[in-house]
Amino acid sequence: MNWTWFHRLGSPPHIYRIAGTLTPWFAWPAGLLIVAALYGGLVLAPPDYQQGEGFRILYVHAPSAWLAVMIYGVMASAAAVGLIWRMKVAHAVAASCAGVGAWFTAVSLVTGMLWGKPMWGTYWVWDPRLTAQLILFILYLGYMGLRAGIDDLGRADRASAVLAIVGVVNIPIIRYSVEWWNSIHQAPSVMKMDRPSMPLDMLAPLLMMLLGFTLYFAAILLVRLRAEILRRERTASWIREVLR
Amino acid sequence: MSEFFAMDGYAIFLWPAYLVTLIAILANVMLARRAHAEAKQEARRRFAIEDEGSSP
Amino acid sequence: MSELSVKNLHVFRGERHLLRGLGFEVPAGCCLQVVGANGAGKTTLLRVMSGLLEAESLELTWRGERVEPRDPEYHAELSYLGHDPALKSDFTAAENIAFNVGLRRRVASQDVRSALARVSAEKFSDRPIRSLSAGQRRRVALAALWLSGTRLWMLDEPATNLDAAGQALVASLIQEQLSGGGLVMAATHQDLGLPAAQRASLEIGVHGVRT
Amino acid sequence: MTVRRTTAFSAAGLVLTRDLRLAVRRPSQLIQPLAFFAVVALLFPLGYTPELGKLRAIAPGVLWVGALLASMLALESLFREDASDGTLEQFVVCGQPLVALMAAKTLAHWLLTGLPLTLMAPVLGIALGVPVEAMPGILFSLLLGTVTLSLIGAVGAGLTLGVRRGGVLLSLLTLPLAVPVLVFGARATELAISGESLMGPLYLLGALAVLGITLAPLAAAAAVRIGLE
């Protein structure tokens with residue numbers, strides 16, 4: 001008995017194979033970029049006139065914070081595509097994002113706190129960006145909690161997709177409200193470091209790290225995507241060759 | 001070399017931050033690979049059930 | 001081309017590939033009796049056809065037009081009677097019928113009374129559903145079904161909790177619907193006493209029906 | 001017999017009146033959120049200080065967090081009962097746009113919980129040392145805020161319909177989305193108490209309510225459809 005489901009865009013076996021071949025093309029450049037950025041950030045870049053050597057935490061904090069937000073965006077757009085065009089591969093992409101996103105949101109929180117400690121003497125500071133990242137972390141937990149709470153995979157995909165879309169609409173509003181809340185209460189703000197004003201030898205490693213982290217995420221996403229595709233394709237005949 | 005690691009006093013904040021990031025990077029690599037392996041394992045189990053199920 | 005036709009219907013429930021490439025047709029004025037073992041997918045089939053459950057793939061044609069099972073226009077002509085009758089236990093039978101049917105079309109209290117009379121439920125029409133037996137509740141649900149005047153009926157074990165008289169009522173309601181040119185899909189093993197011309201049956205096996 | 005099909009608007013009206021009549025028949029469910037709100041608000045003086053001056057400073061936070069948690073409490077029953085007795089399925093199958101019926105159910109939920117909570121807030125405010133002149137400001141800001149809370153909550157309730165013991169998850173999903181309402185609402189109340197103009201945060205609360213009214217019923221309809229499967 002041979003049946004396959006043909007999806008207009010990106011039929012699963014095709015995507016599965018492409019994901020496999022592309023992974024190393026993302027993984028290796030990511031590794032190199034990160035190592036180079038580490039060297040640039042820790043050794044070459046001069047200490048900050050205000051925060052001294054402490055500012056180097058920026059090279060892990062900023063990329064993690066960037067991943068946290070970018071991954072949610074990727075997750076929500078994949079979810080929207082999956083919901084509107086009923087594409088299982090898109091839901092598989094969304095499912096693959098959540099874990100990594102939550103991890104790096106946590107990293108951005110921890111590194112943010114470690115950065116705040118020498119600056120303000122306390123680990124937690126109600127800085128608007130840190131607060132917004134904390135709320136984003138709770139959004140990730142809610143998303144993963146909803147997925148875990150529903151047994152049927154198809155239903156879990158669609159329900160979590162609705163949540164991701166509602167979440168992504170709210171993220172800018174939450175960020176604005178937290179910034180607004182911070183401004184009216186003049187709470188201390190740690191992250192005054194705005195990137196453009198940084199000298200080139202400080203900025204270059206940061207940009208390389210950002211790109212490195214992004215490529216790293218792409219590699220992880222592709223590996224997880226293959227797993228999620230297998231789960232959704234159940235007993236499609238093309239999987240037999242893959243398993244051989 | 002040692003004053004490099006000292007990071008003039010920021011060491012106890014800086015290196016833990018890098019360590020946490022390294023852990024996250026490695027953990028996600030491992031988790032992703034394991035997820036893929038598990039998915040393949042489940043697929044094999046499903047095919048086993050189906051092959052034995054549908055053969056008369 | 002019959003009123004209702006289904007092709008290439010695939011449904012998964014969790015891991016199980018419950019319906020595999022199902023296809024069938026239901027002409028106007030005909031009742032398709034869906035039979036099969038428990039857990040074979042009878043309820044799943046009716047819920048997918050009513051747009052309550054998303055199928056992996058389905059080609060549904062209703063009165064010559066391809067429709068999505070979630071399309072409100074298709075739903076306007078369809079009534080679904082599930083395992084539990086859709087009744088609020090704090091309301092009386094009359095209030096429940098007025099609401100359920102009122103969602104679809106204008107309903108006068110006279111219509112409600114005639115519906116209750118049709119299923120001989122007048123005597124308990126003013127008591128809250130809470131105080132009725134399962135069989136009485138099923139009769140109230142059947143009254144709402146009869147009053148809804150929809151063209152396509154999806155009935156999942158319509159005669160559960162009903163005594164012999166109740167089962168006869170179900171058979172007569174279905175006959176009345178068919179003679180009015182309507183269609184019925186019923187998951188039931190009950191003999192509905194329909195002439196062969198008005199009856200078709202669909203066997204849902206554990207491995208589903210192979211095309 | 002010519003069958004005049006019910007319009008979407010009147011179908012929504014039917015759902016609204018149905019929910020209100022159902023609530024009247026079982027009033028105990030209406031009291032619980034109010035009692036909860038009162039208890040939360042009245043615990044603070046015991047846990048913190050009886051001095052009205054100090055209490056006034058934290059009154060905005062107490063009132064808004066209390067109102068938020070109380071309306072969260074009432075969300076659990078929004079769809080669960082209808083789902084268990086099979087009536088929610090009829091909403092999906094009756095041929096009326098589910099979005100309209102969801103909007104009606106959310107409005108009914110707000111009338112039965114959000115509005116009473118809002119009317120009760122000034123009373124609790126007095127216990128927290130809030131001056132009487134601040135009452136209109138508190139009333140108006142909570143009026144707008146509770147509307148948005150009910151709308152967000154409806155989406156959360158729909159999503160957790162298909163989840164066993166979805167109560168905790170419902171709060172986990174809804175609270176982060178309610179942060180903007182909390183921030184603007186508490187600030188509006190703070191300004192009301194200090195007698196300054198609260199138009200700024202009030203406009204923002206209004207904007208959130210409008211955004212909620214347009215998007216939330218859509219998301220709730222999609223969530224319920226999925227939750228019922």
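Letters go in sequence order (proteins before strands), and every chain restarts at 1.
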Enquirer: According to the interplanar angle, ranging from 0 to 90°, do the rings of D:Phe184 and A:Trp180 count as parallel (below 30°), tilted (30 to 60°) or perpendicular (above 60°)?
Expert: perpendicular
Enquirer: First locate atom CD1 of D:Ile152, then atom OG1 of D:Thr148, and finally report the distance between them rounded to the nearest 0.5 Å.
Expert: 6.5 Å
Enquirer: Chain D: which of A:Ile165, A:Leu163, A:Ile150 shares the most heavy-atom pairs with it under 4.5 Å?
Expert: A:Leu163
Enquirer: With chain A, which of D:Leu182, D:Ile226, D:Leu211 has the greatest number of heavy-atom pairs at distances under 4.5 Å?
Expert: D:Ile226
Enquirer: Using non-hydrogen atoms and a limit below 4.5 Å, what part of residues 75-91 of chain D faces chain A?
Expert: none
Enquirer: How about OH on A:Tyr16, more than 12 heavy atoms from neighbouring residues, nucleotides or ligands closer than 6.0 Å, or not?
Expert: yes
Enquirer: Run the numbers on D:Trp110 and D:Ser71 for side chain to side chain donor-acceptor pair (under 3.5 Å), then give the verdict.
Expert: CA-CA 9 Å; D:Trp110 179 72; D:Ser71 56; over 6 Å; no
Enquirer: Take atom CZ in D:Phe36; do more than 12 heavy atoms of anything else shown fall under 6.0 Å from it?
Expert: yes
Enquirer: Please tell me whether A:Trp66 and A:Thr214 have a donor and an acceptor in their side chains that are separated by less than 3.5 angstrom.
Expert: yes
Enquirer: Identify the two heavy atoms, one from A:Ile229 and one from A:Pro12, that lie closest to each other, and give their separation to 0.1 Å.
Expert: CG2-CB, 4.0 Å
Enquirer: Checking heavy atoms, do the side chain of D:Leu218, its backbone, both or neither come under 4.5 Å from chain A?
Expert: neither
Enquirer: Would you check if D:Leu191 and D:Ser197 make a side-chain contact, meaning some heavy-atom pair closer than 4.5 Å?
Expert: no
Enquirer: Which of residues 170-178 of chain D have a heavy atom under 4.5 Å from any heavy atom of chain A?
Expert: D:Leu172, D:Leu173, D:Pro176, D:Leu177
Enquirer: Restricting to non-hydrogen atoms, name the atom on D:Ala104 and the atom on D:Leu16 that form the minimum distance, rounded to 0.1 Å.
Expert: O-CD1, 3.8 Å
Enquirer: Salt bridge or not for A:Asp157 and A:Lys88, using N-O below 4.0 Å?
Expert: no
Enquirer: Would you check, one step at a time, whether the test side chain to side chain donor-acceptor pair (under 3.5 Å) holds for A:Gln133 with A:Ser108?
Expert: CA-CA 8 Å; A:Gln133 292 290 65; A:Ser108 83; 3.1 Å; yes
Enquirer: Answer yes or no: is there an ion pair linking A:Glu228 with A:Arg232, defined by an N-O contact shorter than 4.0 Å?
Expert: yes
Enquirer: Against chain A, work out which of D:Leu159, D:Val168, D:Val179 has the most heavy-atom pairs shorter than 4.5 Å and name it.
Expert: D:Leu159
Enquirer: Could you tell me the separation between the CG atom of D:Leu98 and the CE atom of D:Met102, rounded to the nearest 0.5 Å?
Expert: 4.5 Å
Enquirer: Go through the atoms of D:Leu215 and report whether side chain, backbone, both or neither lie under 4.5 Å from a heavy atom of chain A.
Expert: side chain
Enquirer: Under 4.5 Å heavy-atom distance to chain A, tell me which part of D:Val155 shows up: side chain, backbone, both or neither.
Expert: side chain
Enquirer: Is chain D contacted by the side chain of A:Asp152, its backbone, both, or neither, given a heavy-atom distance below 4.5 Å?
Expert: neither
Enquirer: Does any heavy atom of chain A fall under 4.5 Å from the side chain of D:Leu208, the backbone, both, or neither of them?
Expert: side chain
